[in-house]
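First up is the structure itself, then whatever we jot down about it.
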Amino acid sequence: MQQPTAGFAVPVTGALKRRGIRRREARVTLAGTALQIVGDEGGVLAVTPDRLRRLRSGWEETKRGPSYETRLWLVGEAKPVTLFLKDRAYADYARVIRGFAGGLPLDRLETGTTPAGALFLPVAMGLLSLAAIGISLFVITEEPWWGRMLVPIIPVGVFLYGLHTLRRMWPKPAADRAAFDRAVMR
């Protein structure tokens with residue numbers, strides 16, 4: 001195996017522990033065509049292109065900035081190995097994931113996060129928007145029409161933004177390499 005490239009750190013999840021990665025943090029690097037995951041106190045998982053059924057990368061906005069994740073479905077296994085970016089080495093993350101994905105056929109690449117993550121904001125804000133519209137129509141009856149519409153304006157705006165993020169975060173096959181590259185890092 002070739003010398004690994006610069007990489008990024010991820011927290012060790014249950015899926016990585018089951019594969020022998022030890023301790024709290026693992027380093028993810030690209031060694032030749034293999035994605036190499038090494039625990040800080042032992043254990044190595046080398047994911048070669050022939051071992052990978054599909055790969056999904058995406059990001060979501062959080063209060064601490066963007067959160068990046070990559071899910072790897074290995075051949076013969078139902079649950080994916082999930083890599084969450086722990087530190088803020090975004091450029092190294094993008095370089096390693098894009099480099100690994102470059103050796104995979106396009107039909108194995110997906111963009112997005114999870115259906116639950118994609119649906120959370122639009123569903124929550126949709127319900128809040130309905131409540132705000134109901135309040136402005138049936139409770140605040142003494143105000144002029146424009147005053148009544150001030151109540152739902154922010155929830156409806158955030159709901160519309162949620163629909164935009166739903167499109168980006170929903171898991172789907174990568175349309176092309178450029179679409180996958182955009183999904184890896186905003």
message: Give me the atom names and distance for the closest heavy-atom approach of R27 to A9.
response: NH1-N, 3.5 Å
When the side chains of residues 127-136 are checked against the rest of the protein, which donor-acceptor pairs come out under 3.5 Å, sequence neighbours left out?
from : atom 1 : to   : atom 2 : distance (Å)
S129 : OG     : M125 : O      : 2.7
S129 : OG     : P155 : O      : 3.0
S129 : OG     : V156 : N      : 3.3
S136 : OG     : A132 : O      : 3.4
S136 : OG     : I133 : O      : 2.9

- prompt: Among pairs that include at least one residue of residues 92-113, which meet ring pair (Phe, Tyr, Trp, His ring centres under 6.0 Å), considering only residues two or more places apart or in two chains?
  reply: F8-Y93, Y68-Y93
- prompt: For residues T13 and T82, is any side-chain donor paired with an opposing acceptor at under 3.5 Å?
  reply: no
statement: Closest non-hydrogen contact found for I37 with I21 is O-CD1, 3.4 Å
For D92, all residues meeting side-chain contact (heavy atoms from CB on, under 4.5 Å), sequence neighbours excluded: A6, A89, R95
query: Are V81 and W73 close enough that some pair of their side-chain heavy atoms sits under 4.5 Å apart?
result: no
- request: Can you establish whether the number of heavy atoms outside I153 located under 6.0 Å from its atom CD1 is more than 12?
  value: no
- request: Mind checking salt bridge (charged side-chain N to carboxylate O under 4.0 Å, His left out) for R22 and listing every partner two or more places apart, or none if nothing turns up?
  value: none
query: Considering all heavy atoms of both residues, which atom of A183 and which atom of W59 are nearest to each other, and what is their separation?
result: O-CD1, 3.3 Å
message: Using 0.5 Å steps for rounding, measure from the CZ atom of F159 to the CG atom of L163.
response: 4.0 Å
Spacing of L104 atom CG and D50 atom CG [to the nearest 0.5 Å]: 10.0 Å
message: Quick check: do L52 and L72 have side-chain heavy atoms less than 4.5 Å from each other?
response: yes
- prompt: Any idea which heavy atoms bring A31 and Q36 closest together, and the distance?
  reply: CB-OE1, 3.4 Å
query: Do any pairs count as a salt bridge (Lys or Arg N to Asp or Glu O under 4.0 Å) and have a residue in residues 37-47, sequence neighbours left out, and if so which ones?
result: R23-E41
message: With heavy-atom distances below 4.5 Å as the criterion, would you say the side chains of T111 and K172 are in contact?
response: yes
message: If the condition is salt bridge (charged side-chain N to carboxylate O under 4.0 Å, His left out), which residues does R177 pass it with, not counting sequence neighbours?
response: none
message: Test side chain to side chain contact (heavy atoms under 4.5 Å, CB included) on V38 and T29; report intermediate values, then the result.
response: CA-CA 8 Å; V38 180; T29 57; 5.5 Å; no
Contacts of A175 that satisfy side-chain contact (heavy atoms from CB on, under 4.5 Å) - sequence neighbours left out: A179
message: Is there a path of hydrophobic side-chain contacts, each under 4.5 Å between heavy atoms, that joins F138 and W146?
response: yes
query: Which ILVMFWY residues can you reach from F120 by hopping between side chains whose heavy atoms are under 4.5 Å apart?
result: none
field: Which residues share a salt bridge (charged side-chain N to carboxylate O under 4.0 Å, His left out) with R54, sequence neighbours left out
entry: E110
field: N/O donor-acceptor pair under 3.5 Å between R98 side chain and V184 backbone
entry: no
field: V151 vs I140 side-chain heavy atoms within contact, under 4.5 Å
entry: yes
Flag side-chain contact, heavy atom, 4.5 Å: W170 against P115: yes
statement: For residues 149-168, the side chain to side chain donor-acceptor pair (under 3.5 Å) pairs (sequence neighbours left out) are none
task: Tell me, please, which residues at least two apart from P105 pass side-chain contact (heavy atoms from CB on, under 4.5 Å).
output: D107, R108
message: I'd like to know if I154 and W145 are part of one continuous hydrophobic network [Ile/Leu/Val/Met/Phe/Trp/Tyr, side-chain heavy atoms within less than 4.5 Å].
response: yes
- prompt: With sequence neighbours left out, what residues match E69 under side-chain contact (heavy atoms from CB on, under 4.5 Å)?
  reply: R71, F84, T113, T114
Pairwise side-chain contact, L74 with K79, heavy-atom cut-off 4.5 Å (strictly under): no
statement: Nearest heavy-atom contact between V12 and K17 is CG1-CG, 3.5 Å
query: Mind checking whether T33 and T48 have side chains closer than 4.5 Å, heavy atoms only?
result: no
message: As an exercise, state the distance from CG of L35 to CG of L83, rounded to the nearest 0.5 Å.
response: 6.5 Å
task: Could you walk me through whether L45 and R51 pass side chain to side chain contact (heavy atoms under 4.5 Å, CB included), step by step?
output: CA-CA 11 Å; L45 173 63; R51 242 185 115 185; 3.6 Å; yes
message: Quick check: closest heavy atoms across P11 and L16, and the distance to 0.1 Å?
response: O-CD1, 4.0 Å
- request: Using the side chain to side chain contact (heavy atoms under 4.5 Å, CB included) rule, take L121 and V158 through it: C-alpha gap first, then chi angles, then the decisive distance, then the call.
  value: CA-CA 8 Å; L121 183 62; V158 176; 4.1 Å; yes
